[in-house]
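Okay, so here's the structure we're looking at.
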Amino acid sequence: MKITNDSGIEIKEIYTSSNSAATDNSLAGEFPFTRGVQASMYRGKMWTMRQYAGFSTAEESNKRYHYLLSQGVNGLSVAFDLPTQIGYDSDNDLADGEVGKVGVAIDSIEDMEQLFAGINLEEVSTSMTINASGFILLAFYVALAKKQGADLNRISGTIQNDILKEYAARGTYIYPPKPSMRIITDIFEWCSKEVPKWNTISISGYHIREAGSTAVQEIAFTLSNGKAYVQAAIAKGLDINIFGKRLSFFFNAHNNLFEEVAKFRAARKMWAQIMKDLGATDEKAMMLRFHTQTGGSTLTAQQPLNNICRVTLQTLAAVLGGTQSLHTNGYDEALSLPTEEAAKIALRTQQIVAFESGAPDTVDPLAGSYFVENLTIEVEKAAWQLIEKIDAIGGSVEAIEKGFMQNEIAASAYQYQKDIESGKKISVGVNKFVTEEMYKTPVLKIDENIQKIQIDKLTKFKLKRDKLKVSQCLKNIATAAKSTQNLMPIVVEAVENFCTLGEIADVLRSEFGEYS
């Protein structure tokens with residue numbers, strides 16, 4: 001009987017040493033980093049347990065952050081609502097009905113201050129899942145750090161800032177690709193001088209996988225996008241050995257344990273080679289450091305407690321694959337944003353794997369497995385083939401503009417759904433082992449008054465600012481957009497003078513246009 005994984009790679013009945021003749025025998029911490037980016041991996045430093053949270057108002061999200069920190073989280077990850085993600089203030093007509101729903105609403109520096117009330121930004125690492133408006137949120141964060149009196153050389157975290165995957169898989173873009181790439185390279189340049197510990201981009205395969213890609217497509221498209229960002233930064237005159245150290249990646253973890261481990265190992269090896277080929281000479285600039293989130297699309301609304309088992313498997317895959325940071329999903333997230341109980345169980349899942357399973361005790365514990373070594377080679381080979389196709393089109397930007405990535409992802413998603421509906425692929429509780437639901441899962445409900453509360457806050461905020469200063473700051477942004485001047489210091493000055501997210505985004509809409 002022929003068995004293949006989700007990437008179409010045939011799985012043999014048994015593997016022997018003859019299947020793994022080309023095994024990479026390098027050590028962790030050595031090029032090409034197949035076995036990990038640190039020599040001692042988790043014996044030296046445990047992965048960051050970074051729980052993703054954000055909903056309703058800044059005040060409500062702040063309460064959840066303090067709760068997570070009290071439960072042992074050592075890194076925060078902010079979820080923003082859709083209006084914030086696409087550059088609209090809460091009082092914009094296009095924000096109607098979406099304020100605070102899938103994340104927290106942030107319109108101003110005041111909201112950012114309330115979001116991190118009681119949290120010292122020098123002492124916590126913060127990841128912000130934001131792309132098109134990421135530069136504005138980074139400006140808010142830096143302005144708040146300055147207000148706290150923090151040393152900007154010490155604040156650490158990441159903005160996702162990966163716009164290419166938005167065109168290919170997710171859709172929360174604002175500006176066309178070329179000005180968007182300009183904003184990203186402005187961020188690279190500015191952060192390297194002003195906030196040197198900040199990771200300036202999290203090149204994301206997560207949403208590519210959520211849109212229906214295979215594991216192979218996830219790393220091929222993500223690494224290809226990463227290559228495009230590096231080429232754009234080099235064209236701007238930036239030093240690959242400096243900005244290369246601040247690049248990070250964001251991957252998905254699905255249920256097929258061995259395929260996922262092989263994917264992570266192959267991705268590290270491939271990125272090291274890509275960076276070397278692009279001219280990096282510092283090995284730290286060749287390291288693929290990544291955050292992982294367990295697979296949201298794998299969670300089922302049917303028999304939701306089964307999702308705890310799925311998340312555990314995915315956690316193990318991420319750890320055995322050598323992740324630097326991990327978010328685990330709540331079991332109820334196919335139904336709503338996670339409740340406090342579900343968020344706690346998700347965190348406890350990481351802590352049990354960290355402190356009870358033995359998985360972190362040695363470096364790359366599955367290395368030398370005939371199966372895993374062979375699968376790493378097969379995943380790498382298939383991913384290189386896809387990258388070569390993208391390069392032949394002209395690179396990621398052209399491949400996206402021509403619909404290549406979108407079509408490949410759509411075809412994989414369609415095939416997966418067909419396999420679920422036919423029963424060829426089993427989803428426990430969905431198309432096999434189906435039972436009548438007896439357990440009623442509690443869900444998190446967002447107060448419908450949130451939009452009014454947020455608009456009232458914004459109205460009061462606008463009344464207490466200097467309108468002339470606001471107007472001048474927005475004019476300065478428009479002027480900089482027409483030139484090659486770096487936008488970041490001007491945007492930081494604007495938010496410090498109480499310009500809102502929507503006002504800044506709108507100025508650049510006027511200058512750059514909108515992508516459709």
Distance-only donor-acceptor pairs under 3.5 Å for side chains of residues 399-409, two or more places apart:
| residue | atom | partner | partner atom | Å |
| --- | --- | --- | --- | --- |
| Gln406 | NE2 | Ile400 | O | 3.0 |
| Asn407 | ND2 | Gly403 | O | 3.1 |

* Do Leu247 and Phe188 have side chains that get closer than 4.5 Å, going by heavy atoms? -> yes
Across all chains, not counting sequence neighbours, the ring-ring contact (aromatic ring centres under 6.0 Å, His included) partners of Phe221 are none
Rounded to the nearest 0.5 Å, the OG atom of Ser204 sits from the CG atom of Leu164 at a distance of 11.5 Å
side-chain contact (heavy atoms from CB on, under 4.5 Å) filter on Glu98, not counting sequence neighbours, yields Leu82, Pro83, Lys101
So CD1 of Ile201 and CD of Gln160: to nearest 0.5 Å the spacing works out to 9.0 Å
query: Checking Asn131 side chain against Asn161 main chain: does a donor-acceptor pair fall under 3.5 Å?
result: yes
Side chain to side chain contact (heavy atoms under 4.5 Å, CB included) with Arg182: of Thr484, Ile187, Asn486, Leu487, only one passes, and it is Leu487
- Task: Decide if atom CZ of Arg43 counts as having more than 12 heavy atoms of other residues, nucleotides or ligands within a radius under 6.0 Å.
- Result: no
Residues at least two apart in sequence or cross-chain that pass ring-ring contact (aromatic ring centres under 6.0 Å, His included) with Tyr141, listed by chain then number, are Phe116, Trp198
Here the gap from Ser224 atom OG to Tyr229 atom OH, rounded to the nearest 0.5 Å, amounts to 10.5 Å
Quiz item: Is there a ring-ring contact (aromatic ring centres under 6.0 Å, His included) between Trp271 and Phe33 once you walk through the steps?
Solution: CA-CA 9 Å; Trp271 183 246; Phe33 314 108; over 10 Å; no
In this structure, CD1 of Ile242 is separated from CD of Glu189 (nearest 0.5 Å) by 11.0 Å
* Asked: In terms of heavy-atom contacts, does NZ of Lys236 have more than 12 from other residues, nucleotides or ligands at under 6.0 Å?
  -> yes
Only one of Glu380, Glu373, Glu260, Glu259 passes salt bridge (Lys or Arg N to Asp or Glu O under 4.0 Å) with Arg265, and that residue is Glu373
Worksheet item: So Asp364 and Arg35, salt bridge (charged side-chain N to carboxylate O under 4.0 Å, His left out) or not? Walk me through it.
Response: CA-CA 6 Å; Asp364 194 16; Arg35 301 194 62 187; 3.2 Å; yes
Those residues at least two apart in sequence (or on a different chain) that pass ring-ring contact (aromatic ring centres under 6.0 Å, His included) with Tyr173 are Tyr167, Tyr515
Residue set satisfying salt bridge (Lys or Arg N to Asp or Glu O under 4.0 Å) with Asp282, at least two apart, ordered chain then number -> Lys245
> Do His254 and Leu313 have side chains that get closer than 4.5 Å, going by heavy atoms?
Replying inline: no
Hits for salt bridge (Lys or Arg N to Asp or Glu O under 4.0 Å) against Arg154, two or more places apart or cross-chain, chain-then-number order -> Glu122
Exercise. Assess the side chains of Glu10 and Thr4: does a donor N or O sit below 3.5 Å from an acceptor N or O?
Key: no
Going through the checks in order, is the side chain to side chain contact (heavy atoms under 4.5 Å, CB included) test met by Leu137 and Val78?
CA-CA 11 Å; Leu137 272 299; Val78 186; over 6 Å; no
### Message
Just so I know, are the side chains of Arg268 and Gln273 near enough to count as touching, which here means a heavy-atom distance under 4.5 Å?
### Response
no
Residues passing the side-chain contact (heavy atoms from CB on, under 4.5 Å) test with Ala346, sequence neighbours excluded, are Gln51, Thr328
Practice prompt. Dump the intermediate steps for side chain to side chain contact (heavy atoms under 4.5 Å, CB included) on Phe31 and Met287, then the final yes or no.
Written response: CA-CA 8 Å; Phe31 181 89; Met287 290 179 178; over 6 Å; no
Margin query: For Lys425, is there any backbone N or O sitting under 3.5 Å from a side-chain donor or acceptor partner on Asn431?
Written below: yes
Within the distance-only criterion (no hydrogens, no angle test), does the side chain of Gln324 pair as donor or acceptor with the backbone N or O of Gly322 below 3.5 angstrom?
yes
* Asked: Any side-chain donor-acceptor pair under 3.5 Å between Ser396 and Asn225?
  -> yes
Taken to the nearest 0.5 Å, the spacing of Asn241 CG from Asp239 CG works out to 5.0 Å
Please examine the side chains of Tyr15 and Leu375, heavy atoms only from C-beta on, and report whether any two atoms are closer than 4.5 Å. no
Could you tell me if the side chain of Glu514 sits less than 4.5 Å from the side chain of Arg509, heavy atoms only? yes
(Q) Just so I know, are the side chains of Gln350 and Trp47 near enough to count as touching, which here means a heavy-atom distance under 4.5 Å? (A) yes
Tightest non-hydrogen contact, residues Gly36 and Met41, listed as CA-SD, 3.8 Å
Exercise. Test Ser133 against Ile130 for side chain to side chain contact (heavy atoms under 4.5 Å, CB included), laying out the working first.
Key: CA-CA 6 Å; Ser133 56; Ile130 194 84; 3.4 Å; yes
Test item: Thr48 side-chain N/O and Arg50 main-chain N/O as donor-acceptor pair under 3.5 Å | no
Validation: residues 386-395 side-chain donor-acceptor distances under 3.5 Å, sequence neighbours left out:
| residue | atom | partner | partner atom | Å |
| --- | --- | --- | --- | --- |
| Asp391 | OD1 | Lys227 | NZ | 3.3 |
| Asp391 | OD2 | Lys227 | NZ | 2.9 |

Phe290 meets the ring-ring contact (aromatic ring centres under 6.0 Å, His included) criterion, sequence neighbours left out, with Phe251, Phe264
Sequence neighbours excluded, the answer for side chain to side chain donor-acceptor pair (under 3.5 Å) partners of Glu421 is Gln417
query = So, do Ile203 and Ser248 sit near enough that their side-chain heavy atoms are less than 4.5 Å apart?
reply = no
Closest non-hydrogen atoms of Val363 and Ala39, given as atom of the first, atom of the second and distance, are CG2-O, 3.4 Å
What one should report as the nearest heavy-atom pair of Ala285 and Ile240 is CB-O, 3.7 Å
Here the gap from Leu238 atom CG to Asp186 atom CG, rounded to the nearest 0.5 Å, amounts to 9.0 Å
For Val104 and Thr84, the nearest pair of non-hydrogen atoms, with its separation, is O-OG1, 3.8 Å
Phe80 and Thr129 have their tightest heavy-atom pair at CD1-O, 3.6 Å
The side-chain contact (heavy atoms from CB on, under 4.5 Å) partners of Arg310 (sequence neighbours excluded) come to Asn255, Thr300, Asn306, Asn307, Gln314, Ser427, Val428
Are Lys178 and Pro176 close enough that some pair of their side-chain heavy atoms sits under 4.5 Å apart? no
Ring centres under 6.0 angstrom apart (Tyr175, Phe512):
yes
Nearest heavy-atom approach of Thr315 to Thr349 is OG1-CG2, 3.9 Å
Side chain to side chain contact (heavy atoms under 4.5 Å, CB included) between Leu501 and Phe140, intermediate numbers included = CA-CA 9 Å; Leu501 172 128; Phe140 283 146; 4.1 Å; yes
